[in-house]
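Each remark here refers to the structure printed beneath this line.
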Amino acid sequence: MTRRATLAGISVGLLLLGCSVGTRAERDPEPRTAPESTASASADAAATAEAVGLLRAGTAFVNQTSFRSDVDIASQITSLSHTDNVNKRVNATITAPGGTIEIRMIDDDVYLKAGQLLRGVGDQWMVLDPARVPAGFALSFAPGRNDSGGSGRLIDAIVTARADGRQITGTIDATRIGVGNGISFRLDPGGVFPDSARRHAFRAMLDTEGRLVSFLMPEASGLPSASLRYSDFGSTVSVVRPAGAVVAPDALYPQLGMGGGG
């Protein structure tokens with residue numbers, strides 16, 4: 001399987017960080033497991049529900065205070081974002097093979113500097129027309145669409161989990177993570193996910209106040225390592241409007257989806 005990390009699109013103030021995997025790979029054989037007892041299955045379901053509840057509560061800060069989010073995929077694509085949804089401010093930098101993209105959000109205005117990563121748009125600061133951004137990649141401060149780290153999509157894909165103090169471990173279905181800001185996996189043309197990707201290991205950590213501070217996925221199942229970290233809660237997020245920003249050209253908008261900017 002390939003481990004080529006690619007820049008895939010834009011979503012919620014950050015470029016979608018995607019990793020292409022799977023080139024016509026054979027599917028793993030279904031593992032043979034002994035039937036679980038009803039009591040054991042019920043206990044596992046209860047433990048998972050408890051752990052998922054802790055993770056969801058641990059991301060409440062997204063709508064309550066400012067924060068920093070760091071995403072890393074295989075040390076090939078990284079993002080650093082400072083987000084303040086309360087005051088509608090975002091500073092983000094995405095680094096990938098071939099260049100860097102910067103994004104600034106102030107109230108309803110979105111500015112982007114693409115460097116060399118998007119074709120035919122130049123390397124100057126541009127102001128985007130929100131009405132022309134594809135709906136699936138809308139840039140927004142609205143609740144549910146405003147987490148620059150994309151933790152919600154990861155939590156939604158959890159299969160099993162167990163909390164041990166502030167640490168939560170378990171498995172995640174990488175095929176269900178879907179597209180969006182933060183960590184994403186997509187297939188190369190003709191590729192398939194191995195069955196093991198449906199029970200990919202993860203480890204998360206909460207801080208002493210119950211906030212999610214890390215979500216780690218090791219390299220395995222044909223997927224690269226990926227990490228999401230949150231920090232700097234409550235820090236001031238200052239965003240300066242770029243001087244001389246031009247209206248984004250028509251060539252930009254088709255590249256804000258899954259096929260753009262590769």
Side-chain angles (χ1 to χ4, degrees), residues 7-17 59-73 77-151 180-183 211 213 227-257 260-261:
L7 197 59
I10 267 189
S11 179
V12 197
L14 278 183
L15 284 189
L16 165 67
L17 301 182
T59 62
F61 66 82
V62 168
N63 296 310
Q64 298 169 349
T65 190
S66 61
F67 59 93
R68 167 177 170 164
S69 59
D70 291 82
V71 176
D72 184 298
I73 299 178
I77 298 179
T78 62
S79 77
L80 166 60
S81 170
H82 291 90
T83 302
D84 183 348
N85 289 308
V86 176
N87 295 299
K88 296 186 176 182
R89 296 290 188 273
V90 167
N91 259 325
T93 302
I94 302 92
T95 302
T100 297
I101 288 181
E102 297 177 69
I103 297 172
R104 298 180 188 177
M105 297 175 65
I106 305 174
D107 298 325
D108 296 324
D109 296 328
V110 180
Y111 301 92
L112 183 147
K113 186 176 183 180
Q116 303 300 314
L117 286 174
L118 299 180
R119 297 180 295 273
V121 300
D123 60 1
Q124 73 283 356
W125 277 103
M126 299 171 287
V127 58
L128 277 60
D129 179 355
R132 300 188 63 187
V133 175
F137 298 90
L139 300 158
S140 173
F141 288 109
R145 302 187 61 84
N146 58 3
D147 179 4
S148 51
S151 62
N181 52 303
I183 298 169
R211 296 175 298 206
V213 290
S227 66
L228 164 63
R229 301 179 189 276
Y230 294 105
S231 60
D232 292 359
F233 303 106
S235 297
T236 299
V237 177
S238 298
V239 183
V240 178
R241 293 184 188 274
V246 301
V247 174
D250 293 343
L252 172 70
Y253 297 98
Q255 299 185 67
L256 302 187

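Every value quoted in this text rests on a predicted model; they were computed, and no experiment measured them. Counting begins at 1 with the first residue of the sequence.
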Student check: side-chain heavy atoms of Asn87 and Val237 closer than 4.5 Å: no

Side-chain donor-acceptor pair present, Thr83, Ser148, cut-off under 3.5 Å: yes

Donor-acceptor pair, side chain of Ser66 and main chain of Thr236, under 3.5 angstrom: no

Nearest-0.5 Å distance, OG of residue Ser235 to NE2 of residue His82: 7.0 Å

Check against side chain to side chain contact (heavy atoms under 4.5 Å, CB included), Ile101 and Leu112: CA-CA 7 Å; Ile101 288 181; Leu112 183 147; 4.3 Å; yes

Side-chain heavy-atom pair Val239, Met105 within 4.5 angstrom cut-off: no

Check: Ile94 and Ile103 side chains under 4.5 Å, non-hydrogen atoms: yes

Euclidean distance, Ser238 OG relative to Arg104 CZ, rounded to 0.5 Å: 11.5 Å

Side-chain donor-acceptor pair present, Ser79, Ser81, cut-off under 3.5 Å: no

Side chains of Asn63 and Asn146, donor plus acceptor under 3.5 Å: yes

Least distance between heavy atoms, Ser151 atom then Thr59 atom: OG-CG2, 3.4 Å

Side-chain heavy-atom pair Asp109, Pro130 within 4.5 angstrom cut-off: no

Ring pair (Phe, Tyr, Trp, His ring centres under 6.0 Å) involving Tyr111 - partner list, sequence neighbours excluded: none

Asp84: partners by salt bridge (charged side-chain N to carboxylate O under 4.0 Å, His left out), with sequence neighbours left out: none

Qualifying residues under side chain to side chain contact (heavy atoms under 4.5 Å, CB included), relative to Val213, sequence neighbours excluded: Met205, Asp207, Phe233

Partner set under side chain to side chain contact (heavy atoms under 4.5 Å, CB included) for Gln64, not counting sequence neighbours: Ala60

Exam field: side chain Thr93 to backbone Leu80, donor-acceptor pair closer than 3.5 Å: no

Student check: side-chain heavy atoms of Pro242 and Lys113 closer than 4.5 Å: no

Heavy-atom donor-acceptor pair, Asp147 side chain to Val62 backbone, under 3.5 Å: no

Least distance between heavy atoms, Ala114 atom then Val121 atom: CB-CG2, 3.8 Å

Heavy-atom side-chain contact between Ile183 and Val71 under 4.5 Å: yes

Within residues 121-132 or reaching into it, pairs that qualify as side-chain hydrogen bond (donor to acceptor under 3.5 Å, both in side chains) - sequence neighbours excluded: Arg132-Asp250

Any residue meeting side chain to side chain contact (heavy atoms under 4.5 Å, CB included) with Asp107, in chain and number order, not counting sequence neighbours: Lys88, Arg89, Arg241

